[in-house]
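Structure record follows, encoded as structure tokens.
Chain identifiers are assigned alphabetically (A, B, ...) following the order of the sequence lines, protein sequences preceding nucleic acid strands; residue numbering begins at 1 within each chain. Values below: all heavy atoms of this structure, side chains included; hydrogens, waters and symmetry mates excluded. The structure presented is a predicted model; accordingly, all values stated were derived computationally and were not measured.
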There are 2 protein chains.
Amino acid sequence: MTPLDALDARLLLVLIDEPRATVLALSQRLGVARNTVQARLARLEQRGALTSLERCVDPAALGYPLTAHITAAVTQRRLAEVADALAEIPEVIEVHGISGNLDLLIRVVARDAEDLYRVAGIILATPGIERTSTALVMRNLVTHRLRPLLDRANQPGQPR
Amino acid sequence: MTPLDALDARLLLVLIDEPRATVLALSQRLGVARNTVQARLARLEQRGALTSLERCVDPAALGYPLTAHITAAVTQRRLAEVADALAEIPEVIEVHGISGNLDLLIRVVARDAEDLYRVAGIILATPGIERTSTALVMRNLVTHRLRPLLDRANQPGQPR
DNA sequence: TGGATCTTGCGCACTTTGCTCAAGCCGTAC
DNA sequence: GTACGGCTTGAGCAAAGTGCGCAAGATCCA
């Protein structure tokens, strides 16, 4: 799979700025033909550069203003089982298997402190989960962003 | 701010399923008038339920297939300064201030192991950062999802 | 009973889309 | 040199969708 080129990166940047922009508007903004933008968009989509819109939904708007990261150790051989169990919990929005011995990083959201406590309890009670450690997100210092990387993909110089 | 109602949730669900769907198609899918969908969409956007498209871009497609979570302790009173410094690093895509004494959770992406090592080095060298601990994401057990919560927002019963 | 809010169906001008086609550009391989 | 594939471009056209306004119900609440 060919990596993104500069035009792809520019396209994404403009798209991020104006998500509602029409293909026509994008092409004018980028200074390329409409057909080109259409082809690029199709290619981006087909190669999966744009994942589900699900990521854009703000949990806070759904009534879940609290986010927490729970790290957990799981007993050997039960990883798949645990992963399935976690997937059943709606408040669990992301689970990563991380380096370290069978460790999980679980991201959860909650309605309030009490709700979080409840969810954490469910997770800890899950068979196969050993210990957990909960870290509540107090503040967003840098909100999820990829713009700097996209900007860099535009620049001709410094490949690193 | 009024929370999302069932129709909003259904709208989001359909939208997630077919991001490219036109307003007309959405209205038919939901069984409501086109004007209603248009109004709802405008309201959702205006209330910020849909955040930047930036979150949908897959770092892997940009050439950064590796993700890692770095937890760091910062020295007192230098939190703002550290946050600014981290924001300058393109590979840093998210920073959370978490509970625990001045702890940060930093999410970074990298081109490869060596690149990650470099980035981790930069972060550790940042003035104000005390200790760091890097956890490489080996596997995605549950990819970011909000569907279960949206589904629940549809259901009449069980408020919890 | 009255008002605020939301939904609905309708209409219309205008824009955008989806698709096709031929032509041009460019780097690579032969 | 020359042929090839891949990408871009401009043009065109029918069909579809958008943006917007408006008046007529629905609810809901006080």
Can you give one letter per nucleotide of nucleotides 4-9 of chain C, 5' to 3': B if a protein heavy atom sits under 4.0 Å from the base, S if only from the sugar-phosphate, - if neither?
--SSBB
For A/L30 and D/dC7, what is the distance between atoms CG and C1' respectively, to the nearest whole Å?
16 Å
Whole-Å distance separating the CG atom of A/L41 from the P atom of C/dC19:
14 Å
So which heavy atom on A/V109 is nearest to which on A/P59, and how close?
CG1-CB, 4.0 Å
Would you mind telling me which of B/I123, B/T67, B/I93, B/V95 makes a side chain to side chain contact (heavy atoms under 4.5 Å, CB included) with B/V108?
B/I123
For A/T132, the option from A/L104, A/L124, A/T126 that meets side chain to side chain contact (heavy atoms under 4.5 Å, CB included):
A/L124
Rounded to 10°, the angle between the first-five-pair and last-five-pair axes of the helix from C/dT1-D/dA30 to C/dC30-D/dG1 is 40°
Exam field: side chain B/T51 to backbone A/D58, donor-acceptor pair closer than 3.5 Å
no
Would you please test B/D8 and B/R47 for side chain to side chain contact (heavy atoms under 4.5 Å, CB included) and show each step?
CA-CA 12 Å; B/D8 286 321; B/R47 98 174 24 156; 3.9 Å; yes
Walk me through it: do A/D84 and A/R78 pass the test salt bridge (charged side-chain N to carboxylate O under 4.0 Å, His left out)?
CA-CA 10 Å; A/D84 288 346; A/R78 307 188 74 169; over 6 Å; no
Does a side-chain N or O of A/Q38 approach OP1 or OP2 of C/dT17 to a distance below 4.0 Å, or not?
no
Got A/R147 and A/D17 here, is their nearest side-chain heavy-atom distance under 4.5 Å?
yes
Rounded at 0.5 Å granularity, tell me how far CG in B/L86 sits from CD1 in B/I106.
4.5 Å
Test side chain to side chain contact (heavy atoms under 4.5 Å, CB included) applied to A/L26 and A/V32, step by step:
CA-CA 9 Å; A/L26 292 175; A/V32 297; over 6 Å; no
State whether A/R107 and A/E91 are salt-bridged, where the test is any N-O pair (Lys NZ or Arg NE/NH1/NH2 against Asp/Glu carboxylate O) under 4.0 Å.
no
DNA chain D contacts among residues 13-28 of chain A, heavy-atom distance under 4.0 Å:
none
